[in-house]
Amino acid sequence: MCGIVAVLGKENAPDAVLKGLMNLEYRGYDSWGIGTAGAENIAIEKAIGKISEAKLSDNFPKASIAIGHTRWATHGGVTPENAHPHFDEKHNVAVVQNGIIENFIELRSELRSRGHFFSSDTDTEVLAHLMEEFLDEGSDLLEAAKKTTTRCEGRYAFVAIRHGENKIVAVRRGSPLILGIGKDAFFLASDTPAFLEHTQTIRYIDDNEVIEILPGSAKVYDFFTGNEIVKRDIVLELKPEESNKGTHAHYMIKEIYEQKETISKAIDQNPEEIEIIADAIRNAHGTFLIGCGTAHKVAAAGEYFFATIAKMHVNSVVASEFPIFHDFLKPNSLVIVISQSGETADVIEAIEAARAAGSKVLSIVNSAGSTVARLSDFSLQIKAGPEKAVASTKAATSQLSILLLLAYACAGDIHAGQQMLVDSAALVNDLLNPRFTQFVAGIAEKIYDQENIFIIGKGANYPMANEAAIKIQEVSYIHAEGFAGGELKHGPIAMIEPGTPCVVLVCDDETRRKEILSSAMEIKARGGRIIGIAPMDSEVFDDWIRVPAAKNFSPIINLIPIQILSYYLALERGFDPDKPRNLAKSVTVK
Ligand code: M6R
């Protein structure tokens, strides 16, 4: 949800910022902008369109200081005026921001009443104007940033520069910022891919910290006390190939294929730690499984895993709806948070509520250094490597695998769980091959021009049907909806017309299999086209996507053809599956 990059100390900092922004494209890609501070003025270049297609003009200054931003519009349309950086009245200061200044309307009218003129519709512009006022009163850049922060409500991070100063200042209040320590340069970014080619040595900036970067020094201060905070250097060990597409046409298909290995990596957890966490789950009174989007569908499947395998009741809740349940958080409650990015605003709010109530937090994330991981009492990393496609694929199957492992551990049978998951990882490895992919692509070719696709499932395949709907919607823009098979005759069956595709997720359990197949019959009787994802053929299927029988792993394996189908539906319809319209990878705003 917007990417920030700032560089001080590189020979051509604007160019380094541009490349960094390209690597953060997954955070937003509707417009971009770069600014640099000269002795007399600030030079800015901004444009609408994808950052991957951006180019700086030849005469843009090749200074050693620059800030930049790739935008996912929240306040104000996609226009060059609304692209960041934003200026103050006198063009002394330039600011980029990620997040939302919630009281910006009040601040803007207050500033207007004092004669400020605004040139954009964004919330961010108030930051530049407030900074201008504090600078005019005699504050230095750092002090002005701090005073500005005291006026702003919401979750955000911003970075500012001023002409005539070789200095970058920044504030973190709810949106991620990471400091990269290069040989002769410092980097500041919303995520590490922005500067990995220059350095893998980083320092995580926490909420309520301010940063001042000068040539040769990058200092972090506590916002409230003003005391300097000495941060630990962390050296990442990321392989550059993990961050690019390799031989694949898109990140989405690359990441789908990476599931050949990611499930094994996810389940490679320390058994003692899993047992400790299982104890915490068993001893908790009130366990909530929280996530957004795909991560919520994972949480919902987790509810079924715990019910069927561990015979335990946990409550899955969409993170943005969790405030309704805050009153039920007690010191002995447990909140299990699922998040690929570990930076999702609604999820962070859930953790804050849990901490305020004294409840424990377990997170299942892809990044050990993420805000979610660092705010948790226990954190399990899925170790899936960077997931860059907006559509979550490998992260989801890894999170699901860990939840299965935890359910087995809670049932006192961690070894059986491990063995089942090791076997299932091998099944996924076999399944993902070009012949299978092409077969599923052939089905996409038959149905890509349909207006609606329905997906049905039972048991843990029901949340997977909902996940299938998200996958299809977000990359192909076809209206897709998931249902519990038994719900059809209570309403949705009215939508079935001759030829309407309905994907049936069939499970390994015989009773449920019979039930879901009879739901499929009811659809077929109304003319629906039945696409079965199942280990065995059935007369009800018009198309059969064969997957291996996988016991409790079957809802997870059923997702793989869905991911491939979604990918090819997007291609058939001429869309870029890596950059769905209106979406961004990391949703750091509420
Ligand atoms: O980073 P998170 O897992 O917290 O993200 C949650 C959702 O925004 C995410 O799963 C989203 O729904 C995906 N685009 C779905 O593919």
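Numbering of ligands and ligand atoms starts at 1, following listing order. Sequence positions, counted from 1, serve as the residue numbers for this chain.
At the shortest separation from atom 16 (O) of ligand 1 among protein heavy atoms lies E474 OE2, 2.4 Å. With hydrogens left out, the protein atom closest to atom 8 (O) of ligand 1 is V587 CG2, 4.0 Å, a heavy atom. In terms of protein heavy atoms, atom 3 (O) of ligand 1 is closest to Q340 N, 2.6 Å. If you check which protein heavy atom lies closest to atom 1 (O) of ligand 1, you get S341 OG, 2.6 Å. In this structure, atom 4 (O) of ligand 1 lies nearest to the protein heavy atom T344 OG1, 2.4 Å.
Atoms of ligand 1 lying under 4.0 Å from at least one heavy atom of S392, given by number and element, are 15 (C), 16 (O). Atoms of ligand 1 lying under 4.0 Å from at least one heavy atom of A295, given by number and element, are 3 (O), 10 (O). Counting atoms of ligand 1 from 1 in the listed order, those under 4.0 Å from a heavy atom of V390 are 13 (C), 14 (N), 16 (O). Atom numbering of ligand 1 starts at 1 in the shown order; those under 4.0 Å from a heavy atom of A391 are 16 (O).
When C292, A345, G293 are checked for heavy-atom proximity to atom 6 (C) of ligand 1, C292 turns out nearest. Between the choices I364, V365, T294, the shortest heavy-atom distance to atom 10 (O) of ligand 1 belongs to T294.
In this model, a donor atom of one side chain and an acceptor atom of the other lie less than 3.5 Å apart for N208 and R173. For the residue pair E343 / S370, no side-chain donor-acceptor distance below 3.5 Å is found, with atom types taken as modelled. Looking at N466 and K297, their side chains never bring a donor and an acceptor atom within 3.5 Å of each other. A side-chain donor-acceptor contact under 3.5 Å links H479 and N452. Between the side chains of S392 and E387, at least one donor-acceptor pair of N or O atoms lies under 3.5 Å. Checked by atom type, the side-chain pair Q381/S379 shows a donor-acceptor distance below 3.5 Å.
Residue contacts with ligand 1: V347 is excluded, as none of its non-hydrogen atoms falls under 4.0 Å. By the 4.0 Å heavy-atom criterion, K471 is counted among the residues contacting ligand 1.
Ion pair K579/D576 flagged as a salt bridge, since at least one NZ, NE, NH1 or NH2 atom sits closer than 4.0 Å to an Asp/Glu carboxylate oxygen.
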**OP:** Apply the test side-chain hydrogen bond (donor to acceptor under 3.5 Å, both in side chains) to residues R374 and S363: give CA-CA distance (whole Å), side-chain angles for both, the deciding distance (0.1 Å), then the verdict.
**Re:** CA-CA 9 Å; R374 287 180 303 131; S363 60; over 6 Å; no
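When side chains are defined from C-beta on, L569 counts as touching I447, because their heavy atoms get closer than 4.5 Å.
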